[in-house]
Amino acid sequence: MAMALRCLRQLPPLFHNSLSGLVRPPLQVPSRHTTLMLNGCRQCVVHQTILTRHLATKKAKAKGKGQTQARVNINAALVEDIISLGEVNGEMKAVMEALKEEFGKNLNIRTSPGTLDHITVTTNDGKFPLNQLGQISLKSPQLILVNMASFPESTAAAIKAIRESGMNLNPEVDGIIIRVPVPKVTREHRESLAKLAKQLTNKGKDSLRKVRSNAVNQVKKAKSTVSEDTIKLVEKQIQQMTDDTAAEMDKLLAGKTKELLG
């Protein structure tokens, strides 16, 4: 009986020794080899970005549904053979600058000689800014004068352009001088300008969407040469750039609306 008990006590060590030969330590890859593999493969770097973003998103979801998800930040050099993100960003900034210019031209409630500068006059020789055809001056806060002495033949066209400028102006002609009475800024006029600001913003967003659409179409052309994950990530970056620019437009509109309506 004692002999049997001693044999049983030996069983666990025997099993442990036999199993230890079957278990192998995990394969260790030197960190420098990992770096080399990632640097030598553009898609590997992109996939690493996808994994990082995926893990960050999971953490964000775990904290709460209301929190902002992780933003995408692609190194433009890694995808330059697919699309130039720098050029896309430049086109979006150009749309934003164009909207700011439209706001400055059309939504100014203060009278100045430059108020009419942006008006385009269509003549037999082409289209020209009003300030290139006539000398614009401010006689009083309620009256702007346009001297058409240099191009008197364009006087009628200039009057037509001022009337159709959308600025609620009714010019009068006195020989080669165009007199433009400036109406008082009423609440109704301010509200009209606020509506125009909204329309200009929507027009700007339409241009922004065209830039995004063209960029996405260009990315999709690379489907045969890069992975689907890479395509999706680049599209995500473009959408993020679009959203950021649209947010800037909304901020500009909110500021202008507050300025107009008080």
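Note that these values count all heavy atoms, side chains included, but never hydrogens, waters or copies made by symmetry.
Within 6.0 Å of CD in Glu87 there are 12 or fewer heavy atoms belonging to other residues, nucleotides or ligands. Around atom CD of Gln132, more than 12 heavy atoms belonging to other residues, nucleotides or ligands sit under 6.0 Å away. For Asn124, the CG atom is loosely surrounded, since the number of other residues' heavy atoms within 6.0 Å does not exceed 12. Residue Arg179 qualifies as open at atom CZ: its count of foreign heavy atoms under 6.0 Å is 12 or below.
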Inset, instruction - I would like to know whether Leu233 and Val79 meet side chain to side chain contact (heavy atoms under 4.5 Å, CB included); could you show each step before the answer? - result: CA-CA 10 Å; Leu233 188 62; Val79 295; over 6 Å; no

Legend entry - Criterion side chain to side chain contact (heavy atoms under 4.5 Å, CB included) on Thr230 and Ile82, from CA distance to verdict: CA-CA 10 Å; Thr230 302; Ile82 301 175; 3.9 Å; yes

Legend entry - Audit row: Lys251, Glu248, salt bridge (Lys or Arg N to Asp or Glu O under 4.0 Å) steps and yes/no: CA-CA 5 Å; Lys251 184 177 180 180; Glu248 287 185 47; over 6 Å; no

Inset, instruction - Test Ile177 against Thr155 for side chain to side chain contact (heavy atoms under 4.5 Å, CB included), laying out the working first. - result: CA-CA 8 Å; Ile177 303 296; Thr155 301; over 6 Å; no

Legend entry - Evaluation steps, salt bridge (Lys or Arg N to Asp or Glu O under 4.0 Å), between Lys203 and Asp206: CA-CA 5 Å; Lys203 184 178 178 181; Asp206 287 341; over 6 Å; no

Inset, instruction - Take Asp243 and Gln239 through the test side chain to side chain donor-acceptor pair (under 3.5 Å) and record every step on the way to the result. - result: CA-CA 6 Å; Asp243 293 341; Gln239 182 61 53; 2.8 Å; yes

Legend entry - Worked check of side chain to side chain contact (heavy atoms under 4.5 Å, CB included) between Glu164 and Thr122: CA-CA 12 Å; Glu164 297 176 354; Thr122 302; over 6 Å; no

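Counting heavy atoms from C-beta on, the side chains of Leu253 and Lys198 come closer than 4.5 Å. Between Thr245 and Val95 there is no side-chain heavy-atom pair separated by less than 4.5 Å. A 4.5 Å side-chain heavy-atom check between Leu145 and Gln135 finds every atom pair outside the cut-off. Side-chain atoms of Asn131 and Leu116, non-hydrogen and from C-beta on, never get closer than 4.5 Å to each other. Residues Leu133 and Thr123 meet the side-chain proximity criterion, which asks for heavy atoms closer than 4.5 Å. At a threshold of 4.5 Å between non-hydrogen side-chain atoms, the residues Met96 and Leu252 count as touching. Between Glu235 and Lys220, some side-chain heavy-atom pair lies under the 4.5 Å cut-off.
With hydrogens and angles ignored, the 3.5 Å screen pairs no side-chain donor or acceptor of Thr257 with any backbone N or O of Ala254. Between the Asn217 side chain and the Ser213 main chain, a donor and an acceptor come within less than 3.5 Å of each other. A donor-acceptor contact shorter than 3.5 Å links the side chain of Thr201 to the backbone of Ala197.
When all heavy atoms of Leu260 and Arg190 are compared, the pair lying nearest together is O-NH1, 2.9 Å. Scanning all heavy atoms of the two residues, the minimum distance from Val88 to Ala215 falls at CG2-CB, 3.9 Å. Minimum interatomic distance between Leu143 and Pro181 (heavy atoms only, all atoms of both residues): CD1-N, 3.9 Å. Heavy-atom minimum distance, Leu200 versus Phe103: CB-CE1, 3.9 Å. Minimum interatomic distance between Ala158 and Val121 (heavy atoms only, all atoms of both residues): N-CG1, 3.7 Å. Summarising the geometry of Met92 relative to Val211, their closest heavy-atom pair is CG-CG1, 3.9 Å, with the distance given to 0.1 Å.
Leu99 CG to Glu101 CD: the interatomic distance, rounded to the nearest 0.5 Å, is 10.5 Å. Considering CG of Leu169 and CD1 of Ile178, their distance stands at 11.5 Å, rounded to 0.5 Å. Note that the NZ atom of Lys195 and the CD atom of Gln199 stand 9.0 Å from one another [nearest 0.5 Å]. For the atom pair OG (Ser192) and CG (Leu107), the distance works out to 9.5 Å, reported to the nearest 0.5 Å. To the nearest 0.5 Å, atom CG of residue Leu85 and atom CD of residue Gln237 are 6.0 Å apart. Rounding to the nearest 0.5 Å places CZ of Arg163 at 12.0 Å from CD1 of Ile119.
Ionic pairing of Glu228 and Lys232 is present here: one or more N-O contacts between side-chain nitrogen and carboxylate oxygen are shorter than 4.0 angstrom. In this structure, Asp250 pairs ionically with Lys205, as a charged nitrogen and a carboxylate oxygen lie closer than 4.0 Å. Contact check on Lys93 versus Glu97 returns no salt bridge, with no Lys/Arg side-chain nitrogen under 4.0 Å from an Asp/Glu carboxylate oxygen.
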